[in-house]
Number of protein chains: 2
Amino acid sequence: MLKNMPDLSHGDDVAAVNSLRSAVMRLSRRLKHQRVDESLSPTEMSVLGTLSLCGSATPGELARKEHVQPPSMTRIVALLESKGLVRLEPHPEDRRQKVVSRTERAEVMLEESRRKRNAFLASLVENLDEDEWAKLRAAAPVLEKLAHL
Amino acid sequence: MLKNMPDLSHGDDVAAVNSLRSAVMRLSRRLKHQRVDESLSPTEMSVLGTLSLCGSATPGELARKEHVQPPSMTRIVALLESKGLVRLEPHPEDRRQKVVSRTERAEVMLEESRRKRNAFLASLVENLDEDEWAKLRAAAPVLEKLAHL
DNA sequence: CATGTTCTTTAGCATAACTCATTACCCTCG
DNA sequence: CGAGGGTAATGAGTTATGCTAAAGAACATG
């Protein structure tokens with residue numbers, strides 16, 4: 001696991017980590033304001049996004065994935081259900097748990113949201129040249145891997 | 001300005017924008033938890049960071065930069081002042097306004113905070129191989145440019 | 001079974017943002 | 001001048017969104 005590890009003792013690498021961190025924080029702040037539906041909080045959107053990837057999950061799994069405490073996820077899920085964006089079903093094997101899955105309506109809303117945020121990001125990206133964009137495109141999957149560690 | 005512009009109509013590019021967006025959001029959520037001082041909110045830290053770049057600014061300017069309403073910035077600035085992290089002085093030309101600037105103590109705390117967050121990011125980065133890290137390092141300045149657009 | 005563990009939920013609370021209204025100040029036009 | 005409109009900061013009250021502590025139900029293991 002330790003082979004091929006980047007050597008972070010170099011000054012260049014420290015600078016890169018620094019610039020990565022600040023860029024990520026700033027970008028996220030800007031993206032956060034690009035909500036498609038004002039009545040849905042960022043975390044709620046994020047939960048829907050996770051469900052869109054996973055298909056379905058229990059509240060506990062969702063809480064862990066979103067880095068939120070279980071009680072908070074209970075509330076979020078209840079709110080999403082009241083808006084008709086998720087469905088709650090009993091867990092087939094463990095009656096303590098529940099299974100949360102998205103509805104059609106959530107899928108529509110997610111698509112719209114992605115379009116809007118992507119449009120925003122894309123409008124920023126238009127200020128880059130081909131070379132810069134290529135670097136970004138190459139790094140996207142790595143960033144995603146990083147985010148899921 | 002439009003020469004060399006990336007063509008975002010390609011499917012690959014749309015996917016890249018998508019993955020960039022979600023990765024940035026997730027990473028930021030994790031970085032947000034790496035606070036050096038629990039008594040300072042992310043926005044408060046961000047204000048200090050902005051002041052570190054700008055030198056000084058009025059509350060109104062800060063509110064616009066942080067995408068926060070003026071009354072919120074009033075409260076934030078007051079809190080930061082009570083902790084000795086910013087200084088408030090009357091505006092030289094307009095007595096309605098005030099000028100906010102950071103103190104030495106803020107600079108020290110910012111440095112510590114950067115160290116901590118960098119350490120967290122670096123610990124994630126250790127799970128990448130050389131190639132992935134190289135891609136990320138190449139993209140870092142581009143991301144930063146993007147965030148400042 | 002009995003005991004302990006895990007998953008969800010309930011209840012209560014803390015924080016940090018918002019909106020609306022107020023005050024102080026600047027600036028322009030009659 | 002000085003009256004009125006515009007802008008900056010702030011005060012008060014509300015809302016949103018997270019947390020902790022603890023309870024209740026279901027599972028698992030001795």
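Letters A, B, ... are given to chains in the order of the sequence lines, protein chains preceding strands, and every chain is numbered from 1.
Listed candidates were D:dA9, D:dA26, D:dG18. Nearest to the side chain of A:Thr43 is D:dG18.
Looking at A:Thr103, its side chain does come within 3.5 Å of a backbone N or O of A:Gly84 through a donor-acceptor pair.
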Restricting both atoms to N or O, compile the protein contacts to nucleotides 1-6 of chain D shorter than 3.5 Å, with distance only.
from	atom 1	to	atom 2	distance (Å)
D:dG6	N2	B:Arg96	NH1	3.1

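Of all nucleotides in DNA chain C, those with any atom nearer than 4.0 Å to a heavy atom of chain A start and finish, going 5' to 3', at C:dT6 to C:dT10.
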Using side-chain contact (heavy atoms from CB on, under 4.5 Å), reason through A:Leu85 and A:Arg102 one step at a time and then give a plain yes or no. CA-CA 6 Å; A:Leu85 295 169; A:Arg102 70 195 182 284; over 6 Å; no

Hey, mind stepping through A:Leu88 and A:Val99 against side-chain contact (heavy atoms from CB on, under 4.5 Å) and telling me if it holds? CA-CA 6 Å; A:Leu88 271 144; A:Val99 176; over 6 Å; no

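The NZ-C1' distance, from A:Lys98 to D:dA26, rounds to 13 Å in whole Å. Rounded to an integer number of Å, the gap from CG of A:Leu40 to C1' of D:dA16 is 13 Å.
Scanning all heavy atoms of the two residues, the minimum distance from B:Ala138 to A:Lys135 falls at O-CD, 3.6 Å. In plain terms, the two heavy atoms of A:Leu128 and A:Glu132 that are nearest each other are CA-OE1, 3.4 Å.
The shortest distance between side-chain heavy atoms of A:Thr58 and A:Lys98 does not fall below 4.5 Å.
The salt bridge (Lys or Arg N to Asp or Glu O under 4.0 Å) pairs that include a residue from residues 47-58 of chain A number zero, where partners must be two or more places apart or lie in different chains.
Within 6.0 Å of CD in B:Glu89 there are more than 12 heavy atoms belonging to other residues, nucleotides or ligands.
Defined by atom type and a distance below 3.5 Å, a donor-acceptor pair is present between the side-chain atoms of B:Arg21 and B:Asn18. Side chains of B:Glu66 and B:Thr43: a donor-acceptor N/O pair is absent below 3.5 angstrom, by distance only.
In terms of hydrophobic clustering, with Ile, Leu, Val, Met, Phe, Trp and Tyr side chains grouped at heavy-atom distances under 4.5 Å, A:Leu51 and A:Val108 are assigned to different clusters. No continuous path of hydrophobic side-chain contacts links B:Leu27 to A:Val47 [ILVMFWY only; heavy atoms under 4.5 Å].
Both A:Ser41 and B:Gln97 sit near DNA chain D, but only B:Gln97 has its closest nucleotide nearer the 5' end.
Using a 4.0 Å cut-off on heavy atoms, the residues of residues 59-77 of chain A that approach DNA chain C are A:Pro59, A:Gly60, A:Pro70, A:Pro71, A:Thr74, listed by number. Within residues 46-54 of chain B, no residue approaches DNA chain C, by heavy-atom distance under 4.0 Å.
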Would you tabulate the side-chain donor-acceptor contacts of residues 69-82 of chain B under 3.5 Å, counting partners in other chains and residues two or more places apart, or write 'none'?
from	atom 1	to	atom 2	distance (Å)
B:Thr74	OG1	B:Pro70	O	3.3
B:Ser82	OG	B:Leu79	O	2.7

